[in-house]
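In what follows, every chain begins at residue 1, and chains take the letters A, B, ... in the order their sequences are listed. Hydrogens, waters and symmetry mates play no part in the numbers below; they use all other heavy atoms, side chains included.
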Amino acid sequence: MSTTDQSQKSLHNDLANLSLKDSNRPNGSNNTQDGAAAPKARPKGKYIPPYLRGKPTFASQTSDDSLVDDPAESPNFPPRAANYSQTRDKSFPASRPDNLDPNYRGAGPRDNFPQSRFNSQNDNPAFNRNTTWSGRNDTRFNRPQRNNFLGMWAKGKHFPGQRNPKYEFTLFGPPDGVEHTGINFDKYDDIPVEASGPNVPPPITNFEDASLNSLLAENISLSGFLTPTPVQKWSIPICSAQRDLMACAQTGSGKTGGFLFPILNFAFDIGPPDDRENENVPGISLRQKIAMPIALILSPTRELATQIYDEARKYCYRSWVRPCVVYGGADINQQIIGAKRGCDLLVATPGRLVDMIQRGVISLKYIQFLVLDEADRMLDMGFEPQIRRIVEQEDMPGVHLRQTLMFSATFPKNIQILARDFLKEYVFLSVGRVGSTSENITQKIEYVEEEDKFSALIDILNSQPDQGLTLIFVETKKMADILHSHLISQSFQCCSIHGGRTQSEREYALESFKNGRAPVMVATAVAARGLDIPNVTHVINFDLPSDIDDYVHRIGRTGRAGNVGIATSFFNRGNRNIVRGLVGILKDANQEIPSWLNIVLRESYDFGYSKTAPRGRGRGGYGGGSSRDYRENTKGAKFNHRSKSTANVRSGADQYGNRGSNPGANSSYGYGGAPPMYGPDSGSSWF
DNA sequence: GACTGGT
């Protein structure tokens, strides 16, 4: 950046500060009239950190770089766009300067806070040995300046932590919220939503309707969300009515918020279970502690787990709820310490979670919310035994004692039937894409023989514009590596992600893809689902998946909410098995269907491929027809859960097969020359 | 049949 740029920028900032802070200023020091001619008029000694410049509230309060002691004093609090009326929690102190609770440790006046632990006030929970509060022995509470944003629950009340501008910056990014999910809010009204099931609660239209906890509402607005997305409009009231939910919605349509908001709303208002015993023992050591989360979110990949956790951290800000994430491939001891320090909302991948449960670090006995993200993947043949083990064979409360929420972009019928085991009378929700598929994603199918794929790919990469990210999907880890090195040799800035790489390699690759250092990424199925990567303009299916739902998830990495995207797929004889589903999706999305593809389609009827085409596609619905409530087509069993008709439906499940352990044996470990580590049966020897 | 997922 040139020096002129810089000086212009600081001029701009100064002017912004001047005009905004004008009324606060002592007389004469900065008069706008003179000020215009004096660009260097920033008051000396007052350093304003870059991310706060031009922001009236914090800038004026933190101009000496000290923390805001009492944000409630600020007339403009909260400083960012917040159109919530704080109706519900009348005692919430931060917004009510006149109503400060003397026990409130966070934003309350410092004078009321005991100076030493020997001067204990009996009514201050933090220093009364007889009272119990979650995290009582958590030493983080004893460092008032560094972690003063941590809230707590004590004596049946929620005591939010202080606001902390620096931490807010790391959590929420720049205050203008440049870095939002890229969702085009204007398009939201067009989105079709279907809800089915008995007594579906009506949707809300804005966050005020949901009467959210005021702290949660603030965190949501800090994150830059002003109106609920279509999924959220429905899922928030459904979850708040304590109903189970099966929701079909594109990731990036606000799914994560769709379950985090109602869960946290509940948690903020109700607090932790009073009898989480290990927290009530005075002087218990970290070593003896057991993490007892109230909410568990399961994810099929590590990257998705991290992504959900990062979201959760935002909404948990200043609250008593400690989010926590646990996944494989990373140091387990760090994760154990993290979980023991505080774990109220746990995001996890299945394998590592089971490990932690076996080690006695985590107990699921207080789970009140179970969320399966990408639920169709979680319940298909590879994952189902693990999920079943976690949900049914550990100490998790039964289906009637917890609330279960499932989210995915696709819900094939056989998975819906499987999912009944984990749900009680549930609502089925189907939300269309943000903007229709036809507008957002241009789907091209090209006939490319196996041996021509490399050169076809190079041609495509060379002919496309430079800006934007390109995601290339392949079927195998081996092919991912081959293609990766091939592209490198052709001097493309390229990275690759697949399950055979170490976790740090995976994270590094994803990071450099996101920030554009390597605008081309080769990926296996690990990146197909849920990952929210802004600016992916092109998805290339170098190999088409054999399951059409995977296709839907893959192309969903582009054209995210409001942006346009292209999806190119290489098709050849080997892909005949998905031709029906593919044509169905292209039709649904009003895409051009190449004439040769129609010929292949007809062949597929002649040769009986239709049998293998999964789950009869081609009807309406969003993203291929896997998004309908199967109960609507089940005569006599409609919405009649766990009744005698259950037996019929369940025996029907057998005809779909696909249940039980992974028949793939040692396949996934065979790659890379290393012998399977856990015996020849490793595919199913997990448990 | 490969992909995901614990040491």
Side-chain angles (χ1 to χ4, degrees), chain A residues 297-307 325-336 339 347-362 372-390 394 408 415 472-483 496-503 506 510 522-531 541-551 553-554 574-578 612 614 657-658 661-672 674 676-679 681-687:
Chain A
I297 297 152
L298 289 172
S299 139
T301 64
R302 299 166 184 168
E303 281 74 16
L304 185 56
T306 341
Q307 186 181 298
V325 69
V326 143
Y327 54 79
D331 182 10
I332 195 170
N333 291 316
Q334 287 302 109
Q335 289 184 356
I336 289 175
V347 188
T349 51
R352 181 56 72 90
L353 176 60
V354 169
D355 191 2
M356 301 271 263
I357 292 173
Q358 281 174 343
R359 292 175 185 227
V361 177
I362 293 173
L372 299 186
D373 205 0
E374 304 299 340
D376 63 332
R377 167 60 90 214
M378 302 300 280
L379 293 177
D380 81 4
M381 54 188 194
F383 273 117
E384 194 219 325
Q386 299 173 60
I387 303 300
R388 220 167 254 288
R389 155 146 198 198
I390 291 168
E394 301 295 340
S408 179
I415 299 293
I472 304 169
F473 282 107
V474 294
E475 269 301 88
T476 63
K477 302 172 194 168
K478 193 167 184 178
M479 183 53 91
D481 281 346
I482 293 173
L483 191 54
S496 78
I497 188 169
H498 62 72
R501 308 193 73 189
T502 66
Q503 189 54 28
R506 284 166 61 165
L510 189 59
V522 184
T524 60
V526 71
R529 284 163 180 265
L531 288 190
N541 282 306
F542 190 84
D543 301 320
L544 271 165
S546 54
D547 182 19
I548 192 66
D549 284 337
D550 285 337
Y551 174 83
H553 282 275
R554 285 182 183 186
N575 306 115
R576 279 176 300 185
N577 57 335
I578 62 157
T612 58
N658 287 352
S661 60
N662 182 1
N666 52 15
S667 52
S668 55
Y669 294 99
Y671 168 63
M677 290 171 73
Y678 316 113
D681 234 342
S682 64
S684 51
S685 72
W686 279 51
F687 305 114

To the nearest angstrom, the CG-P distance between A/Leu379 and B/dG5 comes to 17 Å
Using a heavy-atom cut-off of under 4.0 Å over every strand shown, decide if A/Arg506 touches base, sugar-phosphate, or nothing.
sugar-phosphate
Does A/Ser496 offer a backbone N or O that forms a donor-acceptor pair with the side chain of A/Arg501 under 3.5 Å?
yes
Between B/dT7 atom C1' and A/Arg352 atom CZ, what is the distance in whole Å?
8 Å
Which residue in the set A/Val347, A/Asp373, A/Ile387, A/Thr349 passes side-chain contact (heavy atoms from CB on, under 4.5 Å) when paired with A/Leu298?
A/Ile387
Output the single nucleotide from B/dG6, B/dT4, B/dG1 whose closest atom is nearest the side chain of A/Arg302.
B/dG6
Give the C-alpha distance, both sets of side-chain angles, the deciding distance and a yes or no for salt bridge (charged side-chain N to carboxylate O under 4.0 Å, His left out) between A/Asp355 and A/Arg359.
CA-CA 6 Å; A/Asp355 191 2; A/Arg359 292 175 185 227; 3.1 Å; yes
What is the separation between atom CG on A/Asn577 and atom C1' on B/dA2, rounded to the nearest whole Å?
13 Å
How long is the line joining CG of A/Leu353 and P of B/dT4, in whole Å?
20 Å
Hey, does the side chain of A/Arg529 come within less than 4.0 Å of B/dG5's phosphate (OP1/OP2), counting only N and O?
no
Cationic N near anionic O, under 4.0 Å, A/Asp380 to A/Arg377
yes
If you check the A/Lys477 side chain, which of B/dG1, B/dT7, B/dT4 turns out closest?
B/dT4
In whole angstrom, give the distance that lies between atom CZ of A/Phe383 and atom C1' of B/dG6.
12 Å
How many whole angstroms separate atom CG of A/Asp543 from atom P of B/dG1?
16 Å
Is the phosphate of B/dG5, meaning OP1 or OP2, less than 4.0 Å from a side-chain N or O of A/Thr301?
no
Figure out the CZ/P separation between A/Arg388 and B/dG5, and round it to whole Å.
21 Å
Nearest-neighbour nucleotide for the A/Met381 side chain, B/dG6, B/dG1, B/dT4 considered:
B/dG1
Phosphate OP1/OP2 of B/dG6: any A/Thr349 side-chain N/O under 4.0 Å
yes
A/Asp380 CG to B/dC3 C1': how many Å, rounded?
9 Å
Side chain of A/Asp355 (C-beta onward), nearest among B/dC3, B/dT4, B/dG6
B/dG6
